[in-house]
There are 2 protein chains.
Amino acid sequence: MSDRRNERATVKDVAARAGVSPATVSRVLTGDYPVTATTRGRVQRAIRELDYVANAQARALKGAGTRLVAFVMEDVTGPSFAYVAKGVEHQATAHGRLCLICTTHGDPARELAVVEAMREQRADAVILVGGGFLNDEYRARMIQFAHALDKAGSRLVLCGRPSLGDDVPTTVVEYDNEGGAYAVTSHLLSQGHRRVAAVGLTRLDHTTSRDRLRGFTRAHEEYGVPVDETLLRAAAFTEADGHAATRALLAERADVTAIFAATDMVAAGAYQALREAGRRVPEDVSVVGYDDIPLAANLYPPLTTVRVPTEELGRTAVRLALNPAEKQHVVLGTHVVVRDSVAPVVVRSSAGNRLLR
Amino acid sequence: MSDRRNERATVKDVAARAGVSPATVSRVLTGDYPVTATTRGRVQRAIRELDYVANAQARALKGAGTRLVAFVMEDVTGPSFAYVAKGVEHQATAHGRLCLICTTHGDPARELAVVEAMREQRADAVILVGGGFLNDEYRARMIQFAHALDKAGSRLVLCGRPSLGDDVPTTVVEYDNEGGAYAVTSHLLSQGHRRVAAVGLTRLDHTTSRDRLRGFTRAHEEYGVPVDETLLRAAAFTEADGHAATRALLAERADVTAIFAATDMVAAGAYQALREAGRRVPEDVSVVGYDDIPLAANLYPPLTTVRVPTEELGRTAVRLALNPAEKQHVVLGTHVVVRDSVAPVVVRSSAGNRLLR
DNA sequence: AACACCCAAGAGAACGTTTTCTATCGCCTA
DNA sequence: TAGGCGATAGAAAACGTTCTCTTGGGTGTT
């Protein structure tokens, strides 16, 4: 192993070696000031010889230097976060920013720590990604964060969740959560389904869950189909929960013909439960998901789901936060991706299978 | 929208308000020096009243302040990167470091830019994650990066790829790539398979591909089964390529009984091609993958694959890089995860199906 | 040939901390 | 009671840049 404790050359050293002043070295470095070709050459040679590398901290202190964009979420391994991260990272580097990544695990103490750290770092944007909670305490905390960051010159960006109110200094980039749920539920209803279960949409304290349920309900209203409360099953947004909830559902209500899974992961669990119960998708039960994560296309049968423009969400978040002139609240569209997990409903009679409607 | 251009309070402001010197404020902040309770109280009140937040850049300039760990890969959306990232992020925050994320897209220019940026930032560790290329030019570049970072006081960490040589100042955290491939291939051979295709292992210029092929070959040698070159099919590590390569394979060699996919994503593509060809998994063709990404368990049938300890890879990378006293080269273990995609080979005869061996 | 002008380079302050060095006060001990 | 010492606080330097201000010298104009 080599030394690691290495005296790094400074502008002063370079200047001494090149026989010029530190100011000239700085000017060669930034290139925003005329310097004679010969002087520039001498300086550049000295830089090369000393393997000089600028100190970003010192630069930042003077107001120049690379700025930061922070990407904050509960857990890095959420299936769609990688795509938001990709959008954030691309846009951030396009703007010459470095991209920090922080996780909170939903722990308020860590959230606070992250926000404080970002205030100290003077991050340009702090992008909170994923749905938010709906209780007052959480909301108050977020509003406080927004103001705290604003005062420190940073911008809080809500990415994938609704606004906290017009008077809160935030940038909001959400997607049409309710609309997607409406569309995909309508898709099911249009295929004749009348007993549609919703798995994982009972968490009314969470924006994602709430908005998807709203779309689910609105579609039912529009079709004049009453929502059967007993078909609303609780489940966290995980495969395991989707599996368990669907199994329980099938045991109690063998008559469901379609399942709206709150997320594609939940849908994956539902697939599993259906398989175990010997019910085919989509012949016996249709299934739809939400998010359109890569997994969706790889399930068998490929899952009909709602596409969320994750990467664009990330890109937009950075772009808006860095361009205060732009409108600071946008809603990106969602759309149904039709694959093979939905079929028209059939009703089994003693005379055999017959298409309904 | 609010102002965003905000005069931030400095230690000097806090000191003035509290009626003390800047030095005292600093001491209250860091807490490493005795300060009277009453003075401390006054300072803390001033801090609160002014909503003072320290300037991380200025701190860093003085040698104190938060340090950085950088996480560098070609593309954020690689399916296992999120887990490595999780490990890196956890360990980094455990050590009080912030975590930068950078992508290169395999572009040498961007690689260089990232390394330069990290040198300027004086990142403690620069973690290169994913397999590496085997051509001389790439290798030389990496060696140069290692030395450049070393000279700037940063540590280059190779995460998931072999060492560049003992004289190169790097930390290496790899996993037993060859051993996993050997084990899973042996698993197939032990089930009687004798015509095993390898999809995606022809890239001999890539460490991941090369090492997995080595394990594949070694298992064949051990079983006395010659490797049939025509069963080695080229494919990038993507589902699309896995799909195309498998389709071509099946068209030419209908007699394969098992497929070793270079990665789980490739296996997903293989599943698709097999389904299209009307071949069942595992009854007609057994399939194994590599990586054990979450998708693997959700494929149907669930995929037998090789578990790579991704999260631990990330954790270890940070831990070693930050503790120079530890051994700077570790190889983490891999193991086969048996699911339902492998069955004993059967040979179809005119008399019907009969178990071979 | 004299003057104004512009271009290149240097001197030095400034950024916001931390930290060393110094000073003051009160208290303990001889 | 004097001298020394520990505890607390302040003054000022330092970290490595950038940037403003200043200066010197060469060139063009009349």
Side-chain angles (χ1 to χ4, degrees), chain A residues 5-44 46-47 50-67 96 116-117 119-122 151-153, chain B residues 5-44 46-47 50-67 116-117 119-123 151-153:
Chain A
R5 184 149 291 290
N6 210 318
E7 309 311 325
R8 287 182 277 270
T10 72
V11 242
K12 207 171 295 187
D13 302 323
V14 175
R17 179 164 197 119
V20 299
S21 76
T24 306
V25 175
S26 173
R27 295 200 254 258
V28 170
L29 250 13
T30 55
D32 58 351
Y33 195 90
V35 174
T36 312
T38 67
T39 322
R40 183 198 321 287
R42 282 221 309 282
V43 171
Q44 279 168 340
I47 289 177
L50 293 174
D51 196 25
Y52 166 81
V53 31
N55 182 325
Q57 276 80 28
R59 273 195 176 156
L61 184 56
K62 280 300 289 185
T66 328
R67 312 269 355 206
E116 274 314 296
R119 297 221 296 166
E120 294 190 359
Q121 297 291 336
R122 270 97 171 118
K151 266 190 279 190
Chain B
R5 184 151 291 289
N6 210 318
E7 308 311 324
R8 288 183 275 270
T10 72
V11 246
K12 206 170 295 186
D13 302 324
V14 175
R17 178 158 197 125
V20 299
S21 77
T24 306
V25 175
S26 172
R27 295 200 253 260
V28 170
L29 250 14
T30 56
D32 58 351
Y33 195 88
V35 174
T36 312
T38 65
T39 324
R40 184 198 319 289
R42 283 221 309 283
V43 170
Q44 279 168 340
I47 287 177
L50 293 175
D51 194 27
Y52 166 79
V53 31
N55 182 326
Q57 276 81 28
R59 271 193 177 158
L61 184 56
K62 282 299 291 184
T66 327
R67 312 267 359 202
E116 274 313 295
R119 296 222 296 166
E120 294 191 359
Q121 297 291 335
R122 270 100 171 113
K151 267 190 278 189

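Each chain gets a letter, A, B and so on, in the order the sequences are listed, and its residues count up from 1.
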Regarding C:dG16, can its base be found pairing with the side chain of B:R8 as donor and acceptor, where the two atoms are less than 3.5 Å apart?
no
Any A:T24 side-chain N or O less than 4.0 Å from OP1/OP2 of C:dG10
yes
Whole-Å gap separating C1' (C:dA14) and CG (B:N55):
14 Å
DNA chain C: 5'-proximal contact among B:R27 and B:V53 (nearest heavy atom)
B:V53
Ignoring the backbone of A:T10, work out which of D:dG16, D:dT8, D:dT18 is nearest its side chain.
D:dG16
Which one, C:dA11, D:dA9, C:dT19, comes nearest to the side chain of B:A23?
C:dT19
Rounded to the nearest Å, what distance is computed from the CD atom of residue B:Q57 to the C1' atom of nucleotide D:dT17?
13 Å
Quick one: A:L50 CG to D:dG16 C1', roughly how many Å, whole number?
15 Å
Any N/O donor-acceptor pair, A:K62 side-chain to D:dT18 base, under 3.5 Å:
yes
Side chain of B:V11, heavy atoms from C-beta onward: which of C:dT17, C:dG12, C:dA8 has the nearest atom to it?
C:dT17
Regarding C:dA9, can its base be found pairing with the side chain of A:Y33 as donor and acceptor, where the two atoms are less than 3.5 Å apart?
yes
Between B:V28 and B:T39, is a side chain to side chain contact (heavy atoms under 4.5 Å, CB included) present by the stated rule, with each step listed?
CA-CA 9 Å; B:V28 170; B:T39 324; 6.0 Å; no
Which whole-number value in Å describes the distance from B:R40 CZ to D:dT8 C1'?
12 Å
Side-chain heavy atoms of B:D51 within contact of A:R119, under 4.5 Å
yes
With no hydrogens and no angle check, is any side-chain donor or acceptor of B:R40 less than 3.5 Å from a backbone partner on B:V35?
yes
Quick check: on DNA chain D, is the nucleotide nearest B:A58 upstream (toward 5') of the one nearest A:V25, or the reverse? Name the residue that is more 5'.
B:A58
Heavy atoms under 4.0 Å, any strand shown: does B:S26 hit a base, just sugar-phosphate, or nothing?
base
Please check the phosphate of D:dA9 (OP1 and OP2 only) for any side-chain N or O of B:T39 closer than 4.0 Å.
yes
Rounded at 0.5 Å granularity, tell me how far OG1 in A:T66 sits from CD in A:Q57.
9.5 Å
Rounded to whole angstroms, how far apart are CG on B:L29 and P on C:dG16?
15 Å
Please report, rounded to the nearest Å, how far the P atom of C:dA13 is from the NZ atom of A:K12.
13 Å
Specify the separation, in whole Å, of atom CZ of A:R59 and atom C1' of D:dG16.
10 Å
Within a strict 4.5 Å, meaning less than it, do heavy atoms of the B:T10 and B:D13 side chains meet?
yes
To the nearest angstrom, how far is A:L61 atom CG from D:dC15 atom P?
14 Å
